[in-house]
Undergrad: 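Below is a structure I'd like to ask you about.
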Amino acid sequence: MRYLLLLAIVFVSLCAELPIQIPFLTPVQESSLALEVTTDPDIYLKVETLPKEVKEGRNISIFFEIRNEGESDLENINLYAYDQCIFSGENKTTVNKLKQNRTTTWSWKWRAGNIELSTDCNIKFRTDYESNFSLFQDIAVLTESEYYIKEQEETLESIPISSSSSSSPLSISVSFLEKQPFLDGDEITMTIGYSYIGDGIMNVSDITISIPSNLEFVSCNDYSKIDNSLKLTRKLNFINKRASSSNCKFTTKASQPMDIKSLSLTTSYKYVLDNSISVRVKK
Amino acid sequence: MNSKFYALSILAIVSISLCTIPGIPGVTPGIGGGGGAGLEITSFTAEPSTVFSGNTVRIIMEVENKGGTSVSNSEDLVWLTGSNFDAWSTTSPIYEHFDRNMTAEDVVRGIPAGIKRFTWSLTAPSSGITAGQTRTDMFIARVYHEYETSALGNIWIYTETEAEAAKAAGRQMYKSSFTYTTGPVGVQISVLPDPVVLYGTENSFTVTIKVSNLATGTIYSPNAVTYTEGSEDVSLTTTEINRVDVDVDAHADLSGYTDCEGTDQELVAGRDLTLICEVTVDTTNLATFKSYSFNVKVSYGYYTEKTASVTVQGR
C-alpha cells in the first residue's frame, strides 16, 4: 500500500508543469545562448550564440531567425549589430522582402578580441523593417424617408456596418462622434487615433484615406485633400506609444435610399527594435 | 352518459367544420380584405456565404404574387443594392424589371400566382481587403410595385313603403354585401343603416370605410417610384411614406361620398384609417327597392425587402 502511494506521488510529480519560465531568454542548448523576441505581432525574432562562452581570440557563431507572423509582407528588413563589444566580423544583413508566414535565417561568425580579464560582453543589435496594411470602415447614409421607415420599424440597429482592424504593432482607429447609420446631409466628425504596442520605435511614413462617395469633405487637421483622398501631412510623434489624434469633418450624402460605402485607410510604417544578448568571454 | 358524450362529440365536429369554410384565395367575400401580402420575396440567398476576395457569389431571389391583384410589369421593379456594393464588380445599384405581368392566383380559372426568379453573379472585392482580414457585406433586395386593394359590392336601398311591406309579409330585406381583394392594405366597408330604408323625405345614409395597413413591407404614395427602364428612381420622401389613395366608384344615383375619397391619405403601419361619408341617393328612379353598386379602390405603392450576408476573406 505504501509503495502504491509513493508510485502515485511519482506519477503526479511527472505530470506537473515546470513553473520556471524566463521571458525572452530561453536556453535552447546547454552550450548555446538564445534570445527570443515575441512582443511584436509582425515578427518572431530569435538570436542564438554558439558557444555561450568563448575564449579570447576564438570564434563564436551568431544565428538569426526572423519569421513574419503578421498579416502583411515585411520589406527592407535590416539587422545590424551596432555595438559588437570586443567582437569583430560582419555586422549588417538586409532582406528585401519576407512574405507572410515565411522565415529567414542567417549567421555571422565573429572573433573575440584579446582581453585583460574575463568579462560578460553585451552585444547590442537592431532590427528594423517596413510594412503596410489597410483598414476599412463602412459608412451607412440613409435618406430622410429611409431613416424614418427604419426608425419606425426599429431596425436602424440591424444595418450591418463592417469595419476591420490590423494585427500589426501599429494600431489606427477610426471612430465617429455620431452614431451610424447617418442621415443624409448630416455633418459628422471622424476621429483617427494612433498607437502602437511593443518595445520598439514606430515611424509612420504615410497614411492615405480614400473618401467614399457618400461623404463630402469639409475639413481635416493633419491631412490634406488630393482628389478623393486624404494624405497625412504631419509626422506622428508618439509619446508613451500614443500620438495625438486627428479630427476630420464631413457632410453625408446619399445618392440612393440606403447608401453604404466603405472608407479605406492604408498606411506604411517602419518599426525599429533594439535588443541585446550577453556572451561570456574568458581570458 | 353515452348519449351526452355522443351529443358533445357531434357538437364539437359541427363547430370545427364551421371553422373551415373553403374560400377563393385572393378574393375574400364578406369580410375586410387583407392578408398583408403583395409581391413578396419568398427567397433571397447568396451562395456561397463565405468567399475569398475575387471569387464569385451567386445571388438568387424568388418573387411571388401573394396578394389578390395582378401587377403589370410596367409597374414593378427589383432593386438590388448592399453595403460596399460598388466594390462588387457591378454597377451600383442594379435595377431589374419583370419580363411579364405578375398574376394573382385565381383558383376558379386555374391561374397560378405569378412567380419570378432573378439571379445575379457578383465578384467579391479583390482590393481593400488584405490577407487575414474579413468583412461581411450585406445584399439588400427590394421589390417595388404598384398595388391596389378593392372592395366591390352592392348597397340595398328600400323606400319606407317597401320596407314596411317586407316587414308585414315577413320577408327578409337584403343587406349590403362586398367582396374584397387581398393585399398589403385591407379594406372593410360598413353601411348604416343596413339595409338602407329611406323614411319620409330622407335621402342619405352613412358609409364607413376602414383601411388597414397590414403590410409586412412599406407602403408609399402611388407612382412615387419611377419604374421606367433607364430612369428608375426609388427615392421617396417622408411625405410619400405610408400614403394611399382611396377612390370610390358608385352608381350614378349615389353622390356626396367625397369624404370617403382622397389622395395621399396617411396610413401608418399597423394602424387603421377610417373614412366616413354621408351618401346621398337620387330617389327619382327608386320606386320600391334597388341595389346600388358601391366600389372602393385603395391604390398604393408597396415594397418588401430581404437581406443576405456574405463574408469575404482577404487573400
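Lettering follows sequence order; numbering is per chain, from 1.
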Undergrad: Out of curiosity, A:Ile159 CD1 to B:Met138 CE, how far, rounded to the nearest 0.5 Å?
TA: 6.5 Å
Undergrad: Which atom names give the shortest non-hydrogen contact between A:Ser213 and B:Asp86, and what distance separates them?
TA: OG-OD2, 4.5 Å
Undergrad: Taking only residues two or more places apart in sequence or in another chain, which ones pass ring-ring contact (aromatic ring centres under 6.0 Å, His included) with B:Phe44?
TA: none
Undergrad: How close do A:Ser145 and B:Thr237 get, counting heavy atoms only, and between which atoms?
TA: CB-C, 3.6 Å
Undergrad: Can you pull out the residues in residues 217-251 of chain A with any heavy atom less than 4.5 Å from chain B?
TA: none
Undergrad: For A:Arg102, is the CZ atom crowded, meaning more than 12 foreign heavy atoms sit under 6.0 Å from it?
TA: no
Undergrad: Counting a contact as any heavy-atom pair under 4.5 Å apart, which residues of residues 134-142 of chain A contact chain B?
TA: A:Ser134, A:Leu135, A:Phe136, A:Asp138
Undergrad: Which atoms of B:Glu232 are under 4.5 Å from chain A, going by heavy atoms: the side chain, the backbone, both sets, or neither?
TA: neither
Undergrad: Would the distance check show the side chain of A:Ser164 and the main-chain N or O of B:Gln133 forming a donor-acceptor pair, the cut-off being under 3.5 Å?
TA: no
Undergrad: About how many Å separate NZ of A:Lys261 and CZ of B:Phe85, when rounded to the nearest 0.5 Å?
TA: 10.5 Å
Undergrad: Over all heavy atoms of both residues, which pair between B:Ser83 and A:Ile260 is shortest? Give the atoms and the distance, please.
TA: CB-CG2, 3.4 Å
Undergrad: Under a 4.5 Å heavy-atom cut-off, does chain A meet the side chain of B:Thr307, its backbone, both or neither?
TA: neither
Undergrad: Working to the nearest 0.5 angstrom, can you tell me the gap between B:Thr81 OG1 and A:Met258 CE?
TA: 7.5 Å
Undergrad: Are there over 12 heavy-atom neighbours, none belonging to B:Lys297, within less than 6.0 Å of that residue's NZ?
TA: no
Undergrad: Please flag which part of A:Ser165 lies under 4.5 Å from any non-hydrogen atom of chain B: side chain, backbone, both or neither.
TA: backbone
Undergrad: Can you tell me if B:Arg135 and A:Ser262 form a side-chain donor-acceptor pair at under 3.5 Å?
TA: yes
Undergrad: Using non-hydrogen atoms and a limit below 4.5 Å, what part of residues 146-156 of chain A faces chain B?
TA: A:Glu146, A:Tyr148, A:Ile149, A:Lys150, A:Glu153
Undergrad: Tell me, yes or no, whether the heavy-atom count around B:Lys116 atom NZ, taken from other residues, nucleotides or ligands under 6.0 Å, exceeds 12.
TA: yes
Undergrad: What part of B:Ile241 lies closer than 4.5 angstrom to a heavy atom of chain A: side chain, backbone, both or neither?
TA: side chain
Undergrad: Nearest 0.5 angstrom please: A:Ser162 OG to B:Asp137 CG, how far?
TA: 6.0 Å
